[in-house]
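These notes concern the structure reproduced below.
None of the values given here were measured: they were computed from a predicted structure. Just so you know, ligand 1 is whichever comes first in the structure, and atom 1 is the first atom listed for that ligand.
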Amino acid sequence: MKDIRTRLIEQARLARAMAYAPYSGYEVGAAVAATNGVIYWGCNVENASYGATLCAERVAVFTAVAAGQRSFSAIAVVTPGADPAPPCGMCLQVLSEFCDDLPVYLAAAGSERVIDTSLDVLFPSRFHLDRSL
Ligand code: THU
(Lines give C-alpha, C1' and ligand atoms only; values in the text may rest on other atoms or scores of the structure.)
Protein backbone atom coordinates (compact mmCIF):
# COMPACT_ATOMS: atom_id res chain seq x y z
CA MET A 1 0.00 0.00 0.00
CA LYS A 2 1.42 3.41 -0.99
CA ASP A 3 1.74 6.00 1.75
CA ILE A 4 -0.70 8.89 1.95
CA ARG A 5 1.90 11.40 0.69
CA THR A 6 2.52 9.41 -2.50
CA ARG A 7 -1.19 8.83 -3.05
CA LEU A 8 -2.08 12.50 -2.53
CA ILE A 9 0.56 13.66 -5.01
CA GLU A 10 -0.63 11.12 -7.59
CA GLN A 11 -4.24 12.17 -7.08
CA ALA A 12 -3.40 15.87 -7.31
CA ARG A 13 -1.68 15.18 -10.66
CA LEU A 14 -4.85 13.45 -11.87
CA ALA A 15 -7.06 16.26 -10.56
CA ARG A 16 -4.92 18.79 -12.44
CA ALA A 17 -6.11 17.26 -15.70
CA MET A 18 -9.60 18.61 -14.83
CA ALA A 19 -8.42 22.21 -14.45
CA TYR A 20 -10.50 24.80 -16.25
CA ALA A 21 -8.01 27.60 -16.85
CA PRO A 22 -8.69 29.14 -20.29
CA TYR A 23 -7.69 32.65 -19.13
CA SER A 24 -4.42 32.11 -17.30
CA GLY A 25 -3.42 28.78 -18.80
CA TYR A 26 -2.10 27.99 -15.30
CA GLU A 27 -3.53 24.59 -14.42
CA VAL A 28 -3.51 23.47 -10.78
CA GLY A 29 -4.56 20.22 -9.12
CA ALA A 30 -5.08 19.48 -5.44
CA ALA A 31 -5.97 16.45 -3.36
CA VAL A 32 -6.87 16.65 0.31
CA ALA A 33 -7.15 13.65 2.64
CA ALA A 34 -9.85 13.65 5.29
CA THR A 35 -8.87 12.01 8.58
CA ASN A 36 -11.12 9.05 7.72
CA GLY A 37 -8.79 8.38 4.74
CA VAL A 38 -11.07 9.55 1.93
CA ILE A 39 -9.32 11.76 -0.65
CA TYR A 40 -11.08 14.68 -2.34
CA TRP A 41 -9.92 16.32 -5.56
CA GLY A 42 -9.87 19.94 -6.62
CA CYS A 43 -8.79 21.85 -9.69
CA ASN A 44 -8.86 25.55 -10.43
CA VAL A 45 -12.06 26.72 -12.08
CA GLU A 46 -11.68 30.09 -13.82
CA ASN A 47 -14.36 32.48 -14.96
CA ALA A 48 -14.70 35.27 -17.53
CA SER A 49 -15.34 37.48 -14.51
CA TYR A 50 -11.85 36.76 -13.18
CA GLY A 51 -12.70 37.35 -9.51
CA ALA A 52 -15.18 34.47 -9.64
CA THR A 53 -12.29 32.03 -10.13
CA LEU A 54 -11.73 29.36 -7.49
CA CYS A 55 -8.33 27.85 -6.76
CA ALA A 56 -7.75 24.10 -6.79
CA GLU A 57 -7.10 23.93 -3.05
CA ARG A 58 -10.37 25.62 -2.13
CA VAL A 59 -12.33 23.44 -4.56
CA ALA A 60 -10.83 20.35 -2.89
CA VAL A 61 -11.60 21.56 0.64
CA PHE A 62 -15.10 22.78 -0.20
CA THR A 63 -15.90 19.51 -1.98
CA ALA A 64 -14.79 17.61 1.12
CA VAL A 65 -16.78 19.85 3.46
CA ALA A 66 -19.86 19.45 1.27
CA ALA A 67 -19.42 15.69 1.68
CA GLY A 68 -19.47 16.07 5.46
CA GLN A 69 -15.73 16.23 6.22
CA ARG A 70 -14.25 18.82 8.57
CA SER A 71 -11.04 17.20 9.64
CA PHE A 72 -8.04 16.74 7.36
CA SER A 73 -4.70 14.96 7.55
CA ALA A 74 -2.74 16.35 4.54
CA ILE A 75 -3.02 18.13 1.19
CA ALA A 76 -1.01 17.92 -2.04
CA VAL A 77 -0.91 20.59 -4.72
CA VAL A 78 0.52 20.32 -8.23
CA THR A 79 1.36 23.51 -10.13
CA PRO A 80 2.78 24.06 -13.64
CA GLY A 81 6.50 24.20 -14.38
CA ALA A 82 9.49 22.57 -12.74
CA ASP A 83 9.34 24.35 -9.38
CA PRO A 84 6.54 23.69 -6.85
CA ALA A 85 4.54 26.74 -5.73
CA PRO A 86 2.71 27.33 -2.44
CA PRO A 87 -1.06 27.93 -2.15
CA CYS A 88 -2.28 31.53 -2.27
CA GLY A 89 -3.15 33.35 0.94
CA MET A 90 -6.88 32.86 0.51
CA CYS A 91 -6.47 29.09 0.24
CA LEU A 92 -4.21 29.07 3.31
CA GLN A 93 -6.89 30.96 5.22
CA VAL A 94 -9.52 28.42 4.12
CA LEU A 95 -7.29 25.52 5.21
CA SER A 96 -6.76 27.21 8.57
CA GLU A 97 -10.52 27.26 9.14
CA PHE A 98 -10.40 23.48 9.53
CA CYS A 99 -6.79 22.70 10.49
CA ASP A 100 -4.47 23.91 13.25
CA ASP A 101 -1.60 22.45 11.28
CA LEU A 102 -1.49 20.24 8.21
CA PRO A 103 1.25 18.62 6.12
CA VAL A 104 1.35 20.31 2.70
CA TYR A 105 3.08 18.56 -0.23
CA LEU A 106 3.96 20.91 -3.07
CA ALA A 107 4.64 19.15 -6.37
CA ALA A 108 5.42 20.37 -9.88
CA ALA A 109 3.84 19.17 -13.11
CA GLY A 110 7.13 19.41 -14.99
CA SER A 111 9.43 17.63 -12.57
CA GLU A 112 9.54 15.12 -9.76
CA ARG A 113 10.44 17.84 -7.25
CA VAL A 114 8.31 17.87 -4.12
CA ILE A 115 8.54 20.30 -1.22
CA ASP A 116 7.26 18.93 2.08
CA THR A 117 6.00 21.79 4.19
CA SER A 118 3.10 22.60 6.50
CA LEU A 119 0.28 25.04 7.08
CA ASP A 120 2.09 26.43 10.14
CA VAL A 121 5.21 27.20 8.11
CA LEU A 122 3.33 28.69 5.16
CA PHE A 123 0.81 30.66 7.23
CA PRO A 124 1.98 31.29 10.79
CA SER A 125 -0.38 34.22 11.50
CA ARG A 126 -3.83 33.17 10.44
CA PHE A 127 -6.96 35.20 11.11
CA HIS A 128 -9.39 33.94 13.73
CA LEU A 129 -12.68 35.68 14.35
CA ASP A 130 -13.15 36.70 17.97
CA ARG A 131 -16.92 36.58 18.26
CA SER A 132 -16.91 37.97 21.80
CA LEU A 133 -16.03 41.45 20.47
N1 THU B 1 -4.43 29.10 -8.43
C2 THU B 1 -4.73 27.96 -7.73
O3 THU B 1 -5.50 27.10 -8.20
N4 THU B 1 -4.17 27.79 -6.51
C5 THU B 1 -3.37 28.71 -5.90
O6 THU B 1 -3.03 28.55 -4.75
C7 THU B 1 -2.91 29.90 -6.64
C8 THU B 1 -3.55 30.12 -7.95
C9 THU B 1 -5.06 29.29 -9.74
C10 THU B 1 -6.06 30.41 -9.79
C11 THU B 1 -6.02 30.78 -11.24
O12 THU B 1 -6.92 29.94 -11.95
C13 THU B 1 -4.61 30.45 -11.69
O14 THU B 1 -4.08 29.61 -10.70
C15 THU B 1 -3.72 31.66 -11.86
O16 THU B 1 -3.72 32.45 -10.74
Side-chain angles (χ1 to χ4, degrees):
M1 183 72 167
K2 292 174 183 166
D3 64 15
I4 189 68
R5 177 180 178 279
T6 303
R7 287 171 53 218
L8 280 175
I9 294 166
E10 282 177 2
Q11 302 276 307
R13 289 189 192 282
L14 294 172
R16 183 172 173 269
M18 310 302 164
Y20 177 74
Y23 303 103
S24 73
Y26 190 87
E27 297 179 336
V28 184
V32 66
T35 47
N36 71 350
V38 179
I39 294 175
Y40 296 86
W41 288 14
C43 62
N44 53 334
V45 183
E46 297 189 344
N47 191 274
S49 176
Y50 292 179
T53 292
L54 270 186
C55 294
E57 299 89 324
R58 275 178 290 151
V59 171
V61 171
F62 293 159
T63 299
V65 171
Q69 308 288 352
R70 295 189 180 177
S71 162
F72 301 101
S73 58
I75 188 169
V77 185
V78 176
T79 47
D83 295 319
C88 78
M90 212 182 293
C91 290
L92 293 171
Q93 179 67 32
V94 165
L95 287 167
S96 74
E97 181 74 19
F98 299 102
C99 312
D100 287 334
D101 195 10
L102 185 77
V104 179
Y105 309 123
L106 303 174
S111 77
E112 293 304 310
R113 268 199 79 199
V114 178
I115 296 173
D116 289 20
T117 183
S118 70
L119 184 58
D120 261 351
V121 167
L122 294 169
F123 198 38
S125 301
R126 70 278 309 267
F127 174 75
H128 286 293
L129 184 63
D130 183 347
R131 295 200 295 175
S132 69
L133 298 177

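- Contacts of ligand 1 (protein heavy-atom distance under 4.0 Å) are S24, Y26, V28, N44, E46, T53, C55, A56, E57, P87, C88.
- Under the 3.5 Å distance criterion, the side-chain polar atoms of R16 are matched with a main-chain donor or acceptor of E27.
- Atoms CG and CH2, on L8 and W41 in that order, are 12.0 Å from each other to the nearest 0.5 Å.
- Under the 4.5 Å side-chain criterion, counting only non-hydrogen atoms from C-beta, E46 is in contact with S24.
- Every pair passing ring pair (Phe, Tyr, Trp, His ring centres under 6.0 Å) that includes a residue from residues 14-34 is listed here, sequence neighbours excluded: Y23-Y50.
- Other residues, nucleotides and ligands contribute only 12 or fewer heavy atoms inside 6.0 Å of the CG atom of D100.
- At least one side-chain heavy atom of I4 sits less than 4.5 Å from a side-chain heavy atom of I39.
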